Every structure is written in C-alpha cells, then in structure tokens.
Participant: 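Submitted below is the structure of interest, expressed as structure tokens.
Values in this document were obtained by computation on a predicted structure and should not be read as measured data.
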Amino acid sequence: MDESASHARSDSELAAANRSFYDVLWGGARLIEPARFNTWPLASQLAAHSRRSLEVAPGLRPRLPLEGTLFLDISKAAISRFRLRGATAMVGLINALPFADASFDLLCTFDIVEHVDDDETALAELSRVAAPGAVLLLSVPLHEAAWTAFDDFVGHRRRYEPRALQDKLRRHGFVIERSAVFGMQPKSSRLVDLGMWFLTHRRERAMWWYNRVFMPLGLRMQKNLDWKPGLTDQPDIDTTLLVCRKQA
C-alpha cells in the first residue's frame with residue numbers, strides 16, 4: 001500500500017493512537033476466558049499438542065489457554081490482569097521479542113501486525129522464535145479499499161491485499177494452510193461511528209456498555225469458523241484468520 005495515503009501518520013502519531021485507544025480499552029475492561037471465543041476449538045487443540053506456546057499482544061482477549069502459554073503485551077494494565085489470574089505474562093514488543101531462536105511450537109497474534117509501523121520486522125521476529133514446523137495463528141484486516149474511520153481510530157497502519165500478504169508471509173518462512181472469515185466488528189457503520197464518539201467523549205459510559213452489553217452480546221453471536229484451504233480472496237472479507245506453518 002502507499003503509506004503516503006490520507007490515513008498515513010508518523011510513527012509517533014501511530015504509537016500515540018494505539019497507546020491511547022488500548023490504554024483506555026484495557027484499563028476499563030475485563031479479561032475474557034479464551035474458551036468463550038469461537039477460536040477455542042482450534043486453539044485448545046493446537047496448544048494440547050505444543051510444548052511451548054506464545055501469544056503476542058493478547059490485550060485482555062487471549063485465545064490460547066491461560067495455563068501453559070507465555071503472554072507478551074505492551075500494556076502493563078493487561079499484563080497485571082494476566083498475572084492476577086496466575087498466567088505467565090510479561091511486557092514487551094512484537095518487534096523485539098525477548099526470546100531465543102526457535103523457542104516456540106505455537107505462536108498466536110491477533111490484530112497486531114496491522115498496527116506496527118514495521119511489519120516486516122514483526123514478522124521476522126515471529127519467524128525467528130518459531131521452531132521448524134511451528135504453527136502461527138494470525139489475524140489481519142484485508143483490502144485497502146475497505147479502509148474506514150474505524151481503522152484510523154484504533155491505530156491501524158495498513159490493511160493487507162491477499163496476494164501481497166501471502167507473499168510477505170512466505171518470505172518470512174510461513175505458508176498459509178487455511179483461513180476463515182474473522183472479526184467481531186459490527187457491520188453497521190453508524191453503530192461503529194456511535195461507539196467511536198462515545199469512546200472519545202464519554203469514555204466511562206462507553207466502557208460500561210462495552211463490558212456489560214456489547215462484548216457479551218458479541219460473544220453470544222459468534223459463528224463457528226468456516227475454514228477454507230489457503231487464503232480466501234474475496235472483496236467482502238473484512239478480517240481473516242490464518243493458520244500458518246513455519247517451514248524448515
């Protein structure tokens with residue numbers, strides 16, 4: 001994509017947007033059990049067959065089991081919640097993972113590489129700490145043409161074109177085995193705009209509604225993931241969840 005587009009921002013502006021949004025989000029949110037997400041059947045099965053698991057930037061929405069997984073996030077508020085639950089968690093950045101090469105058999109990172117300025121380094125770091133044959137669970141937004149004000153608001157740097165994403169992952173040693181339509185963002189642009197306004201102007205009230213109404217409702221309305229071989233390239237897909245394999 002052309003990062004000189006109208007939604008492009010400087011590194012410091014992007015970091016500030018991300019920090020502002022997620023500090024507010026996690027500061028007033030609750031940790032949700034991984035088993036409540038539609039990713040649990042896959043995530044729990046993969047974790048059961050992995051000796052070393054890492055989830056990067058889970059926020060308070062972890063997908064891998066709390067027991068036996070190492071969690072790493074930029075948010076101190078989020079990390080403190082994990083530790084209170086007895087999970088192993090530490091503060092850190094995806095672009096500088098504090099782990100040795102080939103340390104993990106299972107890696108998971110949802111909704112993060114689109115936020116960082118240097119996604120090449122982020123993917124290179126994931127590849128570095130992934131053992132040969134390791135599985136990477138990765139979710140990203142698709143299609144630059146689908147950019148909205150919501151992307152700006154939550155601190156996205158980019159959306160990915162499917163073919164370019166596939167090539168980028170391959171350069172870092174990952175092959176896409178299957179994919180599924182993913183995400184809990186409302187389809188109604190008016191509802192999204194209303195939520196953004198309340199988060200900006202009425203944060204406490206917005207977080208009350210988010211924690212007690214919208215998030216529980218979204219969890220109940222989740223559909224089972226419909227997996228397809230490879231990467232599905234359809235213009236109406238907003239976000240995709242990928243199962244990737246690290247090549248030897």
Participant: Could you tell me which non-hydrogen atom of L54 sits nearest to which non-hydrogen atom of L64, and how far apart they are?
Facilitator: O-CD1, 3.9 Å

Participant: Could you pull out all residues at least two apart from N38 that satisfy side-chain hydrogen bond (donor to acceptor under 3.5 Å, both in side chains)?
Facilitator: none

Participant: Only counting residues at least two apart or in another chain, list the ones meeting side-chain contact (heavy atoms from CB on, under 4.5 Å) with D167.
Facilitator: R163, R170, R171

Participant: Is the closest basic N to carboxylate O distance between E114 and R158 below 4.0 Å?
Facilitator: no

Participant: To the nearest 0.5 Å, what is the distance between SG on C244 and CD1 on I176?
Facilitator: 5.0 Å

Participant: List the steps and the verdict of side-chain hydrogen bond (donor to acceptor under 3.5 Å, both in side chains) for T121 and N95.
Facilitator: CA-CA 6 Å; T121 297; N95 281 13; 5.2 Å; no

Participant: Under the ring-ring contact (aromatic ring centres under 6.0 Å, His included) rule, collect the residues that match up with Y160, sequence neighbours excluded.
Facilitator: none

Participant: Rounded to the nearest 0.5 Å, what's the gap from OG on S75 to CG on L60? Could you check?
Facilitator: 7.0 Å

Participant: I'd like to check the side-chain contact (heavy atoms from CB on, under 4.5 Å) partners of S80; sequence neighbours left out, ordered by chain and number.
Facilitator: none

Participant: Is the NZ or CZ atom of R52 positioned over F104's six-membered ring, under 6.0 angstrom from the centre and within 45° of the axis?
Facilitator: no

Participant: Looking only at non-hydrogen atoms, find the nearest pair between A145 and E161 and report the distance.
Facilitator: N-OE2, 4.5 Å

Participant: According to ring-ring contact (aromatic ring centres under 6.0 Å, His included), does anything in residues 52-94 pair up with another residue at least two apart or in another chain? List the pairs.
Facilitator: F71-F82

Participant: Look only at the side chain of R178 and the backbone of L231, and say whether a donor-acceptor pair between them is shorter than 3.5 Å.
Facilitator: no

Participant: Shortest non-hydrogen contact from R245 to V135?
Facilitator: NH1-CG2, 3.2 Å

Participant: Same hydrophobic cluster for L123 and V175, using side-chain heavy-atom links shorter than 4.5 Å among ILVMFWY?
Facilitator: no

Participant: Considering non-hydrogen atoms only, spot the tightest contact between R63 and F110 and give its length.
Facilitator: CG-CE2, 3.3 Å

Participant: Sequence neighbours left out, what passes side-chain hydrogen bond (donor to acceptor under 3.5 Å, both in side chains) with S103? Give chain and number order.
Facilitator: none

Participant: Group every Ile, Leu, Val, Met, Phe, Trp and Tyr by side-chain heavy-atom contacts under 4.5 Å, then state whether W40 and L66 land in the same group.
Facilitator: no

Participant: For the residue pair S50 and L106, what are the closest heavy atoms and their distance?
Facilitator: OG-CB, 3.5 Å

Participant: Output all residues satisfying side-chain contact (heavy atoms from CB on, under 4.5 Å) with S127, sequence neighbours left out; order by chain, then residue number.
Facilitator: H172, F174, K246

Participant: Should the pair R36-E33 be classified as a salt bridge under the 4.0 Å nitrogen-to-oxygen rule?
Facilitator: no

Participant: Atom NE2 in H156, atom CH2 in W147: separation rounded to 0.5 Å?
Facilitator: 7.0 Å

Participant: Does the pair L137 and V243 meet the rule for a side-chain contact (heavy atoms from CB on, under 4.5 Å), with working shown?
Facilitator: CA-CA 5 Å; L137 298 182; V243 178; 3.8 Å; yes

Participant: Starting at OG1 of T39, measure out to CZ of R61 and round the result to the nearest 0.5 Å.
Facilitator: 12.5 Å

Participant: State, with a plain yes or no, whether a side-chain heavy atom of V181 is found less than 4.5 Å away from one of D226.
Facilitator: no

Participant: Is L107 reachable from I79 through a run of I, L, V, M, F, W or Y residues, each pair having side-chain heavy atoms under 4.5 Å apart?
Facilitator: no

Participant: Looking at CD of E67 and CZ of R85, how far apart are the two atoms once the value is rounded to the nearest 0.5 Å?
Facilitator: 11.5 Å

Participant: K168: which residues meet the salt bridge (charged side-chain N to carboxylate O under 4.0 Å, His left out) condition with it, sequence neighbours left out?
Facilitator: D119, E120

Participant: Residues two or more places apart in sequence or in another chain: which of them pass side-chain hydrogen bond (donor to acceptor under 3.5 Å, both in side chains) with Q166?
Facilitator: none

Participant: Please list, chain by chain and in numerical order, all residues satisfying side-chain hydrogen bond (donor to acceptor under 3.5 Å, both in side chains) with D233, sequence neighbours excluded.
Facilitator: none

Participant: Tell me, please, which residues at least two apart from T109 pass side-chain contact (heavy atoms from CB on, under 4.5 Å).
Facilitator: V56, I94, I112, L126, L136, L138

Participant: side-chain contact (heavy atoms from CB on, under 4.5 Å) between V140 and T239: does it pass, once the steps are laid out?
Facilitator: CA-CA 6 Å; V140 295; T239 303; 5.9 Å; no

Participant: Is it true that R81 and D73 have a side-chain N and a carboxylate O under 4.0 angstrom from each other?
Facilitator: no

Participant: Please walk me through it: do L70 and M90 pass side-chain contact (heavy atoms from CB on, under 4.5 Å)?
Facilitator: CA-CA 8 Å; L70 174 58; M90 59 190 298; 4.3 Å; yes

Participant: Which heavy atom of A78 sits nearest to which heavy atom of G59, and what is that distance?
Facilitator: CB-O, 3.6 Å

Participant: Roughly how far apart are S139 OG and L242 CG, rounded to 0.5 Å?
Facilitator: 8.0 Å

Participant: Is S179 reaching over with its side chain to a backbone N or O of G230, donor-acceptor style, under 3.5 angstrom?
Facilitator: yes

Participant: Once ring-ring contact (aromatic ring centres under 6.0 Å, His included) is applied, what residue pairs with a partner in residues 226-248 remain, sequence neighbours excluded?
Facilitator: none

